[in-house]
Amino acid sequence: MKRIALLGATGSIGRQALEIIDSHPGLELVAAASGSQPIDGIAPLTQVGGDLAELLERAEPDVVLNAVVGFAGLRATLWTLERGADLALANKESLVAAGALALEAWERGGGRLLPVDSEHSALYQCLENRSADQIESLVLTASGGPFRGKSRDELTGVTPTEALAHPTWNMGPKITIDSATLANKGLELIEAHFLFGVPYEHIEVVIHPPSIVHGLVRFRDGAAIAHLGNPDMRVPISYALSYPERSATPVPPLELRTLEFHEPDLDTFRMLPLAREAGERGGTYPCAYNAANEVAVQAFLEGRIGFLDIAAAVEDALERVDGSPARDLTELVEADRRARDLVPVTS
Ligand SMILES: NC(=O)c1ccc[n+]([C@@H]2O[C@H](COP(=O)([O-])OP(=O)(O)OC[C@H]3O[C@@H](n4cnc5c(N)ncnc54)[C@H](OP(=O)(O)O)[C@@H]3O)[C@@H](O)[C@H]2O)c1
């Protein structure tokens with residue numbers, strides 16, 4: 001029996017994880033948390049809001065599935081890595097923001113870090129724990145979101161409802177807006193850098209509208225290994241929770257069809273090059289990128305700023321933060337706060 005703690009149990013990933021856990025006799029849900037919605041009775045230990053590390057301390061899980069959205073998931077990520085419990089990580093924002101601090105905690109703890117993000121789960125499976133020196137490049141695929149092919153002019157007046165209509169994935173609101181701006185791919189670029197230790201210049205992003213190829217690794221011997229599957233998060237969730245087994249899921253077998261790939265439009269979707277720039281600058285620039293994006297996305301969803309203002313706000317914040325590395329969690333939280341304060345939320 002694996003003892004699972006599920007953080008973010010009421011969200012899109014959380015609900016799909018409950019389905020996987022319910023149908024798997026080897027997985028036992030020992031604790032669950034949400035931010036504000038009630039979750040009474042779904043696990044022996046439950047918590048709404050509050051300190052996630054305290055809940056984990058009491059639950060003593062073997063695996064923590066961190067499916068909280070945003071920087072709020074940071075302490076749970078660090079707690080799990082430090083303790084050496086297995087971390088099934090959907091909350092990419094925590095790895096992007098904490099970067100080096102998270103890797104240090106992971107090394108001290110010695111547990112497994114199993115990505116739940118479908119692209120990183122795919123890359124993890126293609127890599128089979130091979131070292132970075134055998135890799136020519138990692139290729140992250142992006143659906144392109146609802147605004148693929150649109151010009152900046154066409155994006156000026158788009159509404160939250162239009163931005164929330166994702167063509168292939170059904171996800172929570174924050175990541176859906178991140179997919180529309182390509183910030184999601186930007187966060188994933190930084191996430192891949194930290195997860196796999198590959199330099200940014202060896203991580204490519206391609207637009208692949210059907211979302212069938214989830215990730216591809218080019219190796220130095222000329223071989224390229226790709227991971228294919230229907231776009232369904234129950235597959236990477238099940239993989240991370242059942243690892244090293246592969247358990248059955250209700251996801252139908254993949255029907256093969258034509259695959260198309262395009263270059264991303266970096267002039268229109270500025271959040272992608274901004275992420276690369278923040279990642280390459282290092283220090284707390286990725287933390288600032290994430291923080292400014294979280295505030296700007298919320299402001300867009302509430303109708304206080306326009307769609308293109310999201311990237312403008314993040315670019316402006318990145319120009320104004322100092323970006324020096326955080327030596328500890330207190331400094332990281334401070335860097336996050338300073339970047340948040342720099343985002344104008346009315347335009
Ligand atoms: N959805 C996907 O397909 C997908 C794919 C890849 C990666 N991810 C990543 O997975 C994470 C979750 O995404 P999602 O789409 O599932 O988001 P979501 O549907 O918005 O759910 C977010 C979850 O986080 C909980 N939460 C928020 N603040 C919290 C706090 N302070 N303490 C405890 N729980 C808190 C929410 O609880 P309440 O409901 O009570 O507010 C909810 O359960 C994100 O980092 C996202 O980037 C998602």
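Along the sequence shown, residues are numbered consecutively beginning with 1. Just follow the structure's listing: the first ligand is 1, and inside any ligand the first atom is 1.
When the heavy atoms of Gly49, Pro38, Gly35, Ser118 are ranked by distance to atom 37 (O) of ligand 1, first place goes to Gly35.
Near Asn91, meaning under 4.0 Å from one of its heavy atoms, ligand 1 places the atoms 45 (O). For ligand 1, the atoms sitting less than 4.0 Å from at least one non-hydrogen atom of Gly8 are 23 (C), 24 (O), 25 (C), 43 (O), numbered in the order shown with element in parentheses. When each atom of ligand 1 is checked for a heavy atom of Glu93 under 4.0 Å away, the hits are 44 (C), 45 (O), 47 (O). Taking a cut-off of under 4.0 Å to the non-hydrogen atoms of Ala72, the atoms of ligand 1 that pass are 31 (N). Using a 4.0 Å cut-off to heavy atoms of Thr10, the atoms of ligand 1 that qualify are 36 (C), 37 (O), 38 (P), 39 (O), 40 (O), 42 (C), 43 (O). Applying the 4.0 Å criterion to heavy atoms of Gly11 picks out, from ligand 1, the atoms 16 (O), 18 (P), 19 (O), 21 (O), 42 (C), 43 (O).
The aromatic ring centroids of Tyr289 and Tyr285 lie 6.0 Å or more from each other.
Applying the side chain to side chain contact (heavy atoms under 4.5 Å, CB included) test between Leu89 and each of Thr80, Val116, Thr77, Leu195 identifies Thr77 as the sole match. A side chain to side chain donor-acceptor pair (under 3.5 Å) with Ser211 is found for one member of Thr141, Asn230, Asp232, Thr168 and no other, namely Thr168.
Only the side chain of Met233 comes within 4.0 Å of ligand 1, judged by heavy-atom distances.
A donor-acceptor contact shorter than 3.5 Å is absent between the side chain of Ser242 and the backbone of Glu245.
The shell of residues lying under 4.0 angstrom from ligand 1, judged by heavy atoms, includes Ser36.
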